[in-house]
Amino acid sequence: TLGTVSFAISDTPDFDVKTGILAHRCVHGNGIPENSIAGLEETRRRGYYGAEFDVRITQADPGVDDGVVVVCHDAVYGEVNLETSTYSQVAALKLSNGESFPTLDSFLKAGKEGDLHLTFEIKNHADMASTYRCADKVLELVRANGYSRDKFTVTSFDYEVLKYLRSKAGKEGLHLAYHGEKSPDTLNADDIDGMAYSMKAFVEHPEWISRAHELGISTTTWTPGTVEDMMTFIGLCVGSVTVNNVDLAQKCLERVYLSE
């Protein structure tokens with residue numbers, strides 16, 4: 001035996017779909033912190049499809065603001081609880097590279113150049129009122145920054161929040177993607193036009209990807225970190241992969257693939 005070969009076979013290849021790279025929490029590492037403007041700019045410089053990041057809203061500051069949407073994965077940064085602090089308190093924070101603590105507004109302004117696609121998750125807050133307040137502010141900001149729906153995707157694990165945004169924005173106002181395990185037909189019935197599902201969900205239901213393509217629903221999965229994972233989802237023709245190891249993803253996508 002000289003060696004072994006492992007390969008995946010799809011009986012419904014769709015090579016019209018070119019899988020794109022979404023940098024998870026933007027490109028980070030080597031001095032670039034996650035969820036930073038520097039990471040966003042590095043994502044653009046490398047020519048990836050887009051950047052993924054997370055948003056939360058600060059506490060309202062009476063007479064000053066009704067809360068500011070900031071970019072951060074965790075509810076607490078350092079020792080500051082973002083959701084129970086006013087923006088004036090949060091604004092004093094710095095990222096590890098000295099960058100000012102980023103807001104969604106700053107990300108939207110920085111992300112307008114070129115073809116970069118922004119995908120951002122409205123995190124579940126400690127109370128639903130804050131989550132919906134964040135959703136309202138997100139809609140306000142994308143409108144104020146003149147974003148067309150093809151340039152960004154809003155995601156959430158809370159299906160009701162997505163339905164709420166659809167009712168506020170209409171079909172053409174926002175591209176919305178669900179983090180969950182509902183079928184494409186269920187999403188289509190509620191005008192939710194994106195699936196941002198775990199690898200497990202798509203591995204268990206690979207037929208959802210091809211059905212989503214038929215319905216015009218976008219597909220992305222998170223977060224393949226091995227060659228095997230990458231090859232699986234390239235073979236399944238997922239629309240994009242949300243990855244930390246962008247270099248590995250790029251190498252896999254540069255390979256030549258053959259179909260029958």
Side-chain angles (χ1 to χ4, degrees), residues 13-30 32 34-55 71 73 102 104 106-122 138 142 145-156 174-179 184 192-199 201-202 208-210 212-213 215-227 229-257:
D14 179 6
F15 286 92
D16 289 336
V17 176
K18 179 175 173 57
T19 302
I21 295 174
L22 275 173
H24 186 223
R25 305 183 194 175
C26 305
V27 172
H28 56 277
N30 297 318
I32 301 177
E34 63 182 36
N35 281 336
S36 65
I37 294 291
L40 186 70
E41 292 175 345
E42 181 66 9
T43 306
R44 179 193 293 115
R45 188 189 71 78
R46 296 192 186 195
Y48 296 140
Y49 166 65
E52 184 271 352
F53 53 95
D54 312 279
V55 299
V71 178
H73 178 270
L104 177 58
S106 67
F107 259 62
L108 291 173
K109 286 179 168 56
K112 291 196 77 170
E113 301 299 324
D115 295 326
L116 197 64
H117 188 96
L118 302 185
T119 294
F120 50 95
E121 178 191 338
I122 297 176
V138 163
V142 295
N145 281 280
Y147 268 73
S148 57
R149 71 186 306 279
D150 62 315
K151 292 283 288 182
F152 72 99
T153 301
V154 179
T155 71
S156 176
L174 293 173
H175 181 209
L176 301 173
Y178 179 49
H179 284 306
I192 306 302
D193 42 11
M195 304 168 72
Y197 287 2
S198 68
M199 290 189 292
F202 278 137
W208 283 357
I209 296 177
S210 56
H213 294 169
L215 294 172
I217 293 173
S218 66
T219 56
T220 188
T221 192
W222 42 272
T223 39
T226 67
V227 171
D229 289 341
M230 284 297 306
M231 299 298 285
T232 294
F233 290 101
I234 292 171
L236 290 172
C237 299
V238 72
S240 59
V241 285
T242 304
V243 293
N244 290 301
N245 192 338
V246 290
D247 293 329
L248 174 66
Q250 185 65 38
K251 288 178 181 178
C252 290
L253 288 167
E254 286 173 350
R255 295 182 178 184
V256 175
Y257 297 93

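This chain uses plain numbering: 1 for the first residue, then up along the sequence. Predicted, not measured: the structure shown is a model, and the values here were computed from it.
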For [X], give me all partners under side chain to side chain donor-acceptor pair (under 3.5 Å), at least two apart in sequence or on another chain.
{"X": "Asp115", "answer": "none"}
{"X": "Thr232", "answer": "none"}
{"X": "Trp208", "answer": "none"}
{"X": "Asp229", "answer": "Thr226"}

With rounding to the nearest 0.5 Å, note down the distance linking [atom1] in [X] to [atom2] in [Y].
{"X": "Lys109", "Y": "Ser106", "atom1": "NZ", "atom2": "OG", "result": "8.5 Å"}
{"X": "Ser240", "Y": "Lys18", "atom1": "OG", "atom2": "NZ", "result": "12.5 Å"}
{"X": "Thr242", "Y": "Tyr197", "atom1": "OG1", "atom2": "OH", "result": "14.0 Å"}
{"X": "Phe202", "Y": "Thr221", "atom1": "CZ", "atom2": "OG1", "result": "6.0 Å"}

Residues forming a side chain to side chain contact (heavy atoms under 4.5 Å, CB included) with [X], sequence neighbours excluded:
{"X": "Ala38", "result": "Ile32, Ser36, Asn97, Glu99"}
{"X": "Leu215", "result": "Pro184, Asp185, Asn188, Arg211, Ile217"}
{"X": "Thr153", "result": "His117, Thr119, Thr155, His175, Ala177"}

> Is there side-chain contact between Val243 and Leu248, with heavy atoms separated by less than 4.5 Å?
Replying inline: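 In short, these two side chains do not touch, never coming nearer than 4.5 Å.
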
> Any side-chain heavy atom of His24 within less than 4.5 Å of one from Trp222?
Replying inline: no

>> His28 vs Asn35, test: side-chain contact (heavy atoms from CB on, under 4.5 Å). Steps then yes/no.
In response: CA-CA 8 Å; His28 56 277; Asn35 281 336; over 6 Å; no

Indicate the atoms forming the closest heavy-atom contact of [X] with [Y], along with that distance.
{"X": "Met195", "Y": "Ala212", "answer": "SD-CB, 3.6 Å"}
{"X": "Cys237", "Y": "Ile209", "answer": "O-CG2, 3.7 Å"}
{"X": "Val71", "Y": "Val55", "answer": "CG2-CG1, 4.3 Å"}
{"X": "Leu40", "Y": "Cys26", "answer": "N-CB, 3.8 Å"}
{"X": "Val27", "Y": "Thr43", "answer": "N-OG1, 3.1 Å"}
{"X": "Tyr178", "Y": "Ser156", "answer": "CD1-O, 3.5 Å"}

According to salt bridge (Lys or Arg N to Asp or Glu O under 4.0 Å), who are the partners of [X], at least two apart in sequence or on a separate chain?
{"X": "Arg149", "value": "Asp193"}
{"X": "Lys112", "value": "none"}
{"X": "Arg25", "value": "Glu34"}
{"X": "Glu42", "value": "Arg45, Arg46"}

>> Quick check on side-chain contact (heavy atoms from CB on, under 4.5 Å): which of Thr220, Leu118, Val246 does Leu22 satisfy it with?
In response: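 Result: among Thr220, Leu118, Val246, Thr220 is the only option passing the side-chain contact (heavy atoms from CB on, under 4.5 Å) with Leu22.
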
> With sequence neighbours excluded, what pairs up with Phe53 under the ring pair (Phe, Tyr, Trp, His ring centres under 6.0 Å) test?
Replying inline: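 Once residues adjacent in sequence are excluded, the partners of Phe53 under the ring pair (Phe, Tyr, Trp, His ring centres under 6.0 Å) criterion are Phe107, Phe120.
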
Short side-chain to backbone donor-acceptor contact, [X] and [Y], under 3.5 Å:
{"X": "Thr219", "Y": "Gly239", "result": "yes"}
{"X": "Tyr147", "Y": "Phe152", "result": "no"}
{"X": "His179", "Y": "Glu121", "result": "no"}

>> Asn145 vs Lys151, test: side-chain contact (heavy atoms from CB on, under 4.5 Å). Steps then yes/no.
In response: CA-CA 12 Å; Asn145 281 280; Lys151 292 283 288 182; over 6 Å; no

